[in-house]
Amino acid sequence: MSSFQTSPGMRDILPPESSRWRAFTQVFADVVEAAGYQQLITPLLEDLGVFTRIGDATDVVTKEMYDFVDKGDRRVALRPEQTASVCRSFAQHRPVTPWKVFYSGPNFRYERPQRGRYRQFDQVGIEVLGVDDPMLDVEVIALAWEFYEQLGLQQVSLIINSLGEPDDRSRYVEALRTHFVAAGDALTEQSRTTLAKNPLRVLDSKREPDAPFIASAPQIADFYSDEAAAHFDAVQAGLRALDIPFTLEPKLVRGLDYYRRTIFEFQGGTLDSAQNALGGGGRYDGLVEALGGPATSGIGFALGVDRTLLACDDEGVFGAEPRDLDAFVVDVVGGIEAVKLTAELRQAGFAADRGYDNRSMKAQMKLANRSNAAVAVIVGEDELDAKTVVVKPMRGGDQQTIPRSELIAHLSRTLSQESGNHD
Ligand code: AMP
């Protein structure tokens with residue numbers, strides 16, 4: 001008989017970790033919905049072209065994509081990220097602007113799996129289309145910051161940069177190219193390959209021999225137009241006004257060709273440096289146009305769920321908390337009475353589970369204990385005859401025999417008292 005395992009880089013999220021995932025996306029939705037963002041759900045699978053447009057000089061698109069030909073001979077891909085899908089959706093449906101949306105869900109990249117790096121990983125994110133105002137950049141960054149705060153993370157740092165206007169960036173890229181070409185063979189072979197495709201990405205190299213050339217490279221700030229400089233100044237002033245600490249990082253580039261003006265990244269304080277990027281984003285231009293829509297400016301971020309939860313583990317915050325049960329029905333009679341009683345409890349709004357298979361009282365009490373229910377409700381022969389039930393508090397206190405007809409009222413009274421005591 002064959003036995004199966006998850007594919008490399010893919011994993012099951014088991015309970016109780018799964019409830020933490022749900023809580024995570026719920027906290028995120030609460031934060032961004034309160035700022036006027038609405039959820040957009042796009043397909044996991046898109047026309048391959050949707051992603052090749054986002055930049056063919058990136059590994060994400062050239063090496064890591066799960067692309068294939070479907071049964072209708074279409075070239076499709078599992079999405080490696082969601083910004084392109086959002087822009088495709090905007091171009092297709094032409095909603096009124098500003099269009100403020102959020103998303104959550106899995107992406108796929110054929111990467112080398114390691115801690116914090118998976119082939120299927122989740123992101124939550126927002127995108128806004130149709131607004132140029134630098135105060136929107138501030139809002140977008142502030143929402144991510146607020147989200148990290150709600151999770152309880154304290155060691156997240158924000159780094160920002162501006163890539164200027166597309167013209168500024170082009171002139172900068174040429175200056176970089178000249179600079180790195182002059183380094184010749186002293187540059188690592190990987191960086192020389194990167195240089196041919198996208199000189200900006202050479203700044204990302206962490207390889208030792210490249211370090212002196214990166215340190216002496218031209219600075220983007222020297223290439224800003226007045227407009228780009230004013231935009232970036234306004235963003236920084238906004239962040240200061242909101243008391244959001246940030247570090248300027250002139251070497252932050254983020255890969256995609258479409259980025260311009262503000263770009264940013266959030267780094268965790270506890271993860272290895274290769275995996276310390278918890279999320280990032282920025283302004284992009286031309287993506288909607290490239291996907292068949294009108295010229296529209298965009299900005300957004302994507303935060304990695306897997307990695308952010310690892311950071312939460314490391315900081316000991318936002319733990320897994322499965323929902324506690326109110327009642328566990330111990331059925332030592334067998335038959336319909338426990339079915340009715342459990343249904344009644346659930347209809348009255350209590351979270352209730354029960355024992356099955358007529359197992360012994362002892363075995364079922366063990367289950368009741370493990371379920372973390374506040375009370376066990378025991379249905380036995382004597383109680384059935386007397387139209388009573390036994391209610392046993394599981395976190396201390398004496399058990400009581402009460403009339404069956406008063407069970408709901410009794411639990412409403414005692415359990416609300418108990419939750420009151422917890423507050
Ligand atoms: P990116 O779309 O590459 O800017 O990534 C945004 C965030 O998604 C990163 O900061 C990570 O937190 C997360 N992320 C990207 N790739 C992976 C991956 N292969 N596994 C887990 N998380 C990832």
Side-chain angles (χ1 to χ4, degrees), residues 9-46 50-51 54 60 66 77-90 92-93 95 98-109 111 116-129 139-153 156 256 264-266 268 275 277-282 284 287 298-313 317-323:
M10 306 206 173
R11 43 198 197 124
D12 298 318
I13 311 293
L14 301 173
E17 178 69 0
S18 50
S19 61
R20 184 158 84 130
W21 276 61
R22 203 151 44 99
F24 184 96
T25 33
Q26 189 58 52
V27 171
F28 183 74
D30 289 345
V31 168
V32 298
E33 279 187 326
Y37 293 73
Q38 292 181 301
Q39 185 167 17
L40 173 68
I41 302 173
T42 61
L44 291 184
L45 194 87
E46 298 264 3
V50 170
F51 306 115
I54 63 180
V60 169
Y66 277 86
L78 293 174
R79 64 183 181 208
E81 55 106 60
Q82 294 177 57
T83 305
S85 302
V86 172
C87 290
R88 193 270 310 137
S89 181
F90 179 87
Q92 180 174 341
H93 302 288
W99 201 45
K100 298 172 78 171
V101 295
F102 76 93
Y103 58 77
S104 71
N107 306 319
F108 303 83
R109 295 182 193 175
E111 298 197 77
R117 192 173 292 278
Y118 309 100
R119 290 182 175 168
Q120 176 175 334
F121 63 96
D122 271 52
Q123 286 179 335
V124 293
I126 60 176
E127 307 290 343
V128 184
L129 292 169
E139 170 180 304
V140 164
I141 294 172
L143 285 171
W145 196 254
E146 161 75 14
F147 175 56
Y148 290 130
E149 274 186 0
Q150 296 255 338
L151 293 177
L153 286 171
V156 179
L256 306 185
F264 52 92
E265 203 163 277
F266 297 97
Q275 267 73 249
L278 298 181
Y284 46 88
L287 193 46
I299 179 170
F301 64 65
L303 314 179
V305 177
D306 311 69
R307 234 178 256 181
T308 308
L309 285 173
L310 285 175
C312 289
D313 290 341
V317 298
F318 202 70
E321 280 172 31
R323 177 173 174 178

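Side chains included, hydrogens not; waters and symmetry mates left out as well; all remaining heavy atoms used.
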Student: Under 4.5 Å between any side-chain heavy atoms of Thr308 and Leu153, yes or no?
Tutor: yes

Student: With heavy-atom distances below 4.5 Å as the criterion, would you say the side chains of Arg117 and Arg307 are in contact?
Tutor: yes

Student: Would a 4.5 Å heavy-atom cut-off, applied to side chains only, mark Val317 and Cys312 as touching?
Tutor: yes

Student: Using a 4.5 Å cut-off on heavy atoms from C-beta on, say whether the side chain of Trp99 contacts that of Ser89.
Tutor: yes

Student: What are the two closest heavy atoms between Val60 and Pro80, and how far apart are they?
Tutor: CG1-CB, 3.6 Å

Student: Output the distance between atom CZ (Arg119) and atom CZ (Arg109), rounded to the nearest 0.5 Å.
Tutor: 13.5 Å

Student: Under a 4.0 Å N-O cut-off, is there an ion pair linking Lys100 with Glu139?
Tutor: yes

Student: Would you mind reporting whether Asp122 and Asp306 have side-chain heavy atoms less than 4.5 Å apart?
Tutor: yes

Student: Of the options Phe28, Phe266, Phe301, which is the one that meets Tyr148 in a ring-ring contact (aromatic ring centres under 6.0 Å, His included)?
Tutor: Phe266

Student: Give the intermediate values and the outcome of side-chain contact (heavy atoms from CB on, under 4.5 Å) for residues Gln92 and Arg88.
Tutor: CA-CA 6 Å; Gln92 180 174 341; Arg88 193 270 310 137; 2.8 Å; yes

Student: Between Ser104 and Gln39, is any pair of side-chain heavy atoms under 4.5 Å apart?
Tutor: yes

Student: Would you check if Tyr103 and Ser85 make a side-chain contact, meaning some heavy-atom pair closer than 4.5 Å?
Tutor: no

Student: Check whether any side-chain heavy atom of Glu127 sits under 4.5 Å from a side-chain heavy atom of Leu40, and report yes or no.
Tutor: no

Student: Looking only at the aromatic ring of each residue, does the gap between the centers of Phe24 and Phe147 stay below 6.0 angstrom?
Tutor: yes

Student: Specify the closest pair of heavy atoms between Tyr284 and Leu129, including all atoms of both residues, with the distance to one decimal.
Tutor: OH-CD2, 3.8 Å

Student: Working to the nearest 0.5 angstrom, can you tell me the gap between Met10 CE and Phe121 CZ?
Tutor: 10.5 Å

